[in-house]
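Report on the structure given below.
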Amino acid sequence: IAPGLSWARVCKECGQQHDGLESHLYEYQDDVDDELVCHICLQPLIRPMDTPCGHTYCFHCLSNFLKEQDFCPVDRQRLQLHQCRPSSLLVRNLLDKLTVMCPHNTECQQQMQRCELQPHLHNRCPVFRRLREEAEKRKRPSWNELKGRKSDGESSGDAKHSASLSRNPTRDQPEPGLINPAYEESEDDNTPLRSSLVAEANVVELFREEPEEELGLRIVGGKDTPLGNIVIQEIVRDSLAARDGRLAPGDHILEVNDISLASVPHARAMAVLRLPSLLKLTVMQEKGFKTRDPHGNTTSNHNPGTVLQVTLMKSQRSEPLGIKLIRKSDESGVFILDLLSGGLAAKDGKLRNNDKVLAINGHDLRHGTPESAAQIIQGSEVRVNFVVMRPAETQEEGGSSRGRRPEPQYFRRRSTYMKDPPGGFSSQEKTVSLKKEPRLSLGITIAGGRDCRSRLPVYITSVQPVGCLHRDGTIKRGDVLLSINGVDLTQLTYSEAVSVLKAQTAQSQVVLRVIQTLSDDSEEDIESASKDDLDPLEELRDDTLNWTPLWTRWLGLPSHMHWCRDIVLQKTNNESWGFSIVGGYEESHGQQPFFIKTIVPGTPAHFDGRLKCGDEIVAVNGATTVGMNNSSLIPMLKLQKNKVTLTVVSWPGSLV
């Protein structure tokens, strides 16, 4: 290994040492056409961006240049980054096919296409593998240490990513109420030794092509909630974040464009994440456990399946592979549905039905779509490199698989577990009594309903200036409907609620009861007020009619309006369940609900897929968690050897 080369300092994509904000470095083996060279760095383009005036630059080069200037470097025409677009697939494919040499060529003289370098480094390069193994042998800092300080082996460049990940000094101390049933060591003698939980700080850049484009993230947490941190609850399918593929549910967002989110309320974090154009996210990503056998070798704590590399060689560029790709409703990513008889893949025999496609020719498809996978295959030359995950075989005949769906009785239902909302959140009822003309509309639009994906109560999405409720001023967007003229609306589906509202508003007297959730955090109130005071014409725009509440708006709802579901987790050995919880009784805050804060990759909770960060645990095996503190819930979870039933209330994260 070259002197001074370390795992912390080497780039995990190009294998070279460079500052995290600089472009990747490659050792090209052939002369490159001038049309494929950036006019700023004079190197082959990386993540090429086209300007409206017809020039092409590396994304990093152009974004750094436009931080200081407001014109195109070549013709000096006025230019802003949001006006630029990614280059065509043809140009990107030409760049991906440039021949490069492994940067560790003192020991590894492999040459490959540029797009194949990253898979080569992570799967085949002996130097890269040795660096990684040496880093894993060193003692890993704990989760709290990772958040509060940099590890000893880090360079100053990486320190930007993970040194000051939390600027709140109190975060260095164990957080009150944080319990980690996922991280509990088993006391059985035959259990392999488990090292600390592995977590990495990474920087992910996302570029909105349109200022209003959604990233496709659902967000929970914030300083004003028991979770504290800002956490990704879910990645929306086919969204910008899903296509990028680097973010995952459970990632903690620490900074956005160098603005720390360590101690900001939820609404403020959402405002920062809605900034237009380029977003640079610093995230803490869980990588799961590692176990050490008695000989000191590091192995994965859990084996969900086998990762395989398969190369198919087409006789000509246009030859089809004979693979049918699909998406699944319950899991993100691309899966092989079928191999066509007599096709290239079927003759090769290495790919199988139900394989999950992780990457094709170096393009990450963990959150990809069948359409994007097909596009990569069609744009490839004769060689197509697949990386797939093959599910582990079931151990016993008739045995239950890890990711089994719930039995029919575990349906979503009205919660009977009574409890108080988290500290700082509450609600108040409001009643409006109106005398009106029978044909006059109330002037509200609604959403939700107990048949929607999250089983929400029906809530108001807009109060339009043409109706009588707007003049009264009591009813606001975000209010949850309780009843109209004494008819209960809290447990109805969307269509049932629409029918009842239409029938009752035909009366000349209308009594409408709603509930408004409140938060001690003034920023959310400011945000709500500013949006409610929109100009009447502005209020009717499509984007305001598609308004959805922030996650924090649901936290103040009284528990009799909650719906819950049972999630049964199963395991076969002494491994951890795979989640951490914040909450319980604390002297400083009183009784707080228990929330899922972290889900660890490679554990039963992760493979089951239904538990989400931000879910509230209201019962364990049917026993309410109200009144419990950490010391009573930890043993209850540890005692469950093979099966546990968690009753959870789940609200949809704020969409950004």
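Note that these values count all heavy atoms, side chains included, but never hydrogens, waters or copies made by symmetry. A quick note: this is a predicted structure, and the numbers were derived from the prediction, not measured.
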Would you check, one step at a time, whether the test salt bridge (charged side-chain N to carboxylate O under 4.0 Å, His left out) holds for R327 with D238? CA-CA 11 Å; R327 68 185 79 202; D238 296 338; 2.9 Å; yes

Working to the nearest 0.5 angstrom, can you tell me the gap between L81 CG and F207 CZ? 4.0 Å

Can you tell if the side chain of Q118 reaches within under 4.5 Å of the side chain of K12, non-hydrogen atoms only? no

Do you know the tightest heavy-atom contact between M49 and S87? N-OG, 3.8 Å

Mind checking the CG-CD spacing from L117 to Q16? Nearest 0.5 Å is all I need. 8.5 Å

Sub-3.5 Å donor-acceptor pair from the side chain of Q109 to the main-chain atoms of N105, do we have one? yes

Find out whether the Lys NZ or Arg CZ of R114 is both under 6.0 angstrom from the six-membered ring centre of Y26 and within 45° of the ring's axis. yes

Quick one: SG on C11 to CD on E13, what's the gap to the nearest 0.5 Å? 6.0 Å

Any donor and acceptor pair, going by atom type alone, linking the side chain of N93 with main-chain N or O of L90 inside 3.5 Å? no

Donor-acceptor check, side chain of Q233 to backbone of G653, threshold 3.5 angstrom: yes or no? yes

Would you name the heavy atoms of I360 and A373 that are closest together and state the gap between them? CD1-CB, 4.0 Å

Begin with the C-alpha distance, continue with both residues' side-chain angles, and end with the deciding distance and a verdict on side-chain contact (heavy atoms from CB on, under 4.5 Å) for I336 and I323. CA-CA 7 Å; I336 295 177; I323 299 173; 4.1 Å; yes

Any donor-acceptor pair under 3.5 Å from K356 side chain to M389 backbone: no

Could you give me the CA-CA distance, side-chain angles and deciding distance for K97 and L94, then say whether side-chain contact (heavy atoms from CB on, under 4.5 Å) is met? CA-CA 5 Å; K97 290 178 177 61; L94 288 171; 5.7 Å; no

Got W577 and T603 here, is their nearest side-chain heavy-atom distance under 4.5 Å? no

On a heavy-atom basis, the closest approach of C613 and V220 is O-CG2, 3.7 Å

Does the pair L247 and L281 meet the rule for a side-chain contact (heavy atoms from CB on, under 4.5 Å), with working shown? CA-CA 10 Å; L247 296 173; L281 310 181; 3.8 Å; yes

Report yes if some heavy atom in the side chain of L344 is under 4.5 Å from a heavy atom in the side chain of P320; otherwise report no. no

Taking the side chain as every heavy atom from C-beta outward, state whether L45 and R92 have any atom pair closer than 4.5 Å. no

Donor-acceptor pair, distance only, cut-off 3.5 Å: does the side chain of K314 make one with the backbone of R317? yes

Side-chain donor or acceptor of N64 paired with backbone N/O of C61 under 3.5 Å: no

For residues 29-41, please give each side-chain donor-acceptor pair under 3.5 Å, one per line with the distance, not counting sequence neighbours.
| from | atom 1 | to | atom 2 | distance (Å) |
| --- | --- | --- | --- | --- |
| Q29 | NE2 | E27 | O | 3.1 |
| D33 | OD1 | E35 | N | 2.7 |

Does a side-chain heavy-atom distance below 4.5 Å link Y57 with P48? no

Does any part of the side chain of F59, heavy atoms only, come nearer than 4.5 Å to the side chain of I46, both counted from C-beta? no

Parallel, tilted or perpendicular: ring planes of F128 versus H104, cut at 30 and 60 degrees: tilted

Is any side-chain N of the basic residue among E107 and R130 closer than 4.0 Å to the acidic one's carboxylate O? yes

Side chains of Q378 and S318 in contact at under 4.5 Å (non-hydrogen atoms): no

How close do P119 and G362 get, heavy atom to heavy atom, and via which atoms? CG-CA, 3.8 Å

Would I219 and L273 count as a side-chain contact (heavy atoms from CB on, under 4.5 Å) if you check the C-alpha gap in whole Å, the side-chain angles of each, and the deciding distance to 0.1 Å? CA-CA 10 Å; I219 303 295; L273 284 163; 4.1 Å; yes

How long is the gap from CG on L215 to CG on L217, to the nearest 0.5 Å? 5.0 Å

Indicate whether the side chain of R124 and that of Q309 have a donor and an acceptor atom separated by less than 3.5 Å. yes

Interatomic distance, M101 atom CE to M112 atom CE [nearest 0.5 angstrom]: 8.0 Å

Intermediate values then yes/no, salt bridge (charged side-chain N to carboxylate O under 4.0 Å, His left out), R246 and E205: CA-CA 9 Å; R246 288 174 290 172; E205 290 185 341; over 6 Å; no

K350 side, atom NZ; D355 side, atom CG - distance, nearest 0.5 Å: 13.0 Å

Without hydrogens or angle criteria, can the side chains of N385 and T311 be said to hold a donor-acceptor pair below 3.5 Å? yes

Heavy-atom pair with the smallest gap, counting every atom of Q17 and V10: CG-CA, 4.3 Å

Keeping N257 on the side-chain end and K280 on the backbone end, is there a donor-acceptor pair under 3.5 Å? yes

Work out which heavy atom in G221 is nearest to a heavy atom in L227; give both atom names and the distance. CA-CB, 3.8 Å

V256 and L261, any side-chain heavy atoms less than 4.5 Å apart: yes

